[in-house]
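Here's the structure we're looking at; comments come further down.
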Amino acid sequence: MKADRMEKLIDEVVEKLEKLKETQLASDLKWCWGSFQSDQNSSGLEEKGTLALVALKNAREKNARSVAKKLVDDLEKALS
């Protein structure tokens with residue numbers, strides 16, 4: 001996982017998840033980001049980030065305008 005890329009994306013991803021009514025996942029991802037910043041253990045952040053990526057891709061499949069392709073691509077790069 002690339003922490004510098006994730007740092008730039010985390011707020012946008014959380015905001016988009018909340019708009020998509022994925023509030024629990026958004027909350028979990030935000031919590032994992034805070035935890036990662038304090039202990040540098042990325043396992044939870046990677047897990048929730050992957051779930052967020054799946055949720056964003058699913059929303060994009062249903063309606064391409066609901067989620068920007070760039071956001072999905074950037075999140076994939078940050079998680080790789």
Side-chain angles (χ1 to χ4, degrees):
M1 187 193 76
K2 297 174 180 75
D4 56 330
R5 285 187 179 193
M6 186 61 87
E7 183 175 13
K8 293 175 185 175
L9 284 174
I10 196 73
D11 290 333
E12 188 177 356
V13 171
V14 167
E15 184 179 319
K16 182 56 71 175
L17 288 171
E18 288 173 346
K19 285 183 180 178
L20 295 171
K21 308 277 191 263
E22 294 280 352
T23 53
Q24 184 60 51
L25 180 55
S27 176
D28 291 347
L29 186 61
K30 199 171 191 175
W31 185 89
C32 287
W33 175 248
S35 176
F36 170 75
Q37 287 181 310
S38 67
D39 65 11
Q40 299 299 306
N41 182 346
S42 65
S43 62
L45 183 58
E46 288 174 358
E47 178 186 336
K48 295 302 179 182
T50 301
L51 291 174
L53 181 60
V54 169
L56 294 176
K57 282 183 174 181
N58 287 341
R60 185 161 168 72
E61 284 178 17
K62 291 178 185 173
N63 181 359
R65 292 181 164 209
S66 65
V67 178
K69 182 178 183 331
K70 183 177 180 344
L71 180 61
V72 173
D73 292 344
D74 288 349
L75 184 55
E76 282 181 326
K77 289 176 187 173
L79 290 170
S80 65

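Given the structure is predicted, the values throughout are model-derived calculations rather than measurements.
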*asked:* Once rounded to the nearest 0.5 Å, what's the spacing between atom CD of E47 and atom OG of S42?
replied: 11.5 Å

*asked:* Which Ile, Leu, Val, Met, Phe, Trp or Tyr residues join V67 in one cluster when any pair of side-chain heavy atoms under 4.5 Å counts as a link?
replied: M1, M6, L9, I10, V13, V14, L17, L20, L25, L29, W33, F36, L45, L51, L53, L56, L71, V72, L75, L79

*asked:* Around atom NZ of K8, are there more than 12 heavy atoms from other residues, nucleotides or ligands closer than 6.0 Å?
replied: no

*Short question: side chain of T50, backbone of E46 - any donor-acceptor pair under 3.5 Å?*
yes

*asked:* Show the nearest heavy-atom pair for residues A59 and S66, with the distance to one decimal.
replied: O-OG, 3.1 Å

*Can you list every side chain to side chain donor-acceptor pair (under 3.5 Å) pair that touches residues 69-79, not counting sequence neighbours?*
K57-E76, K69-D73, K70-D74

*Provide the full list of side chain to side chain donor-acceptor pair (under 3.5 Å) pairs with a residue in residues 15-24, sequence neighbours left out, each pair given once.*
Q24-D28

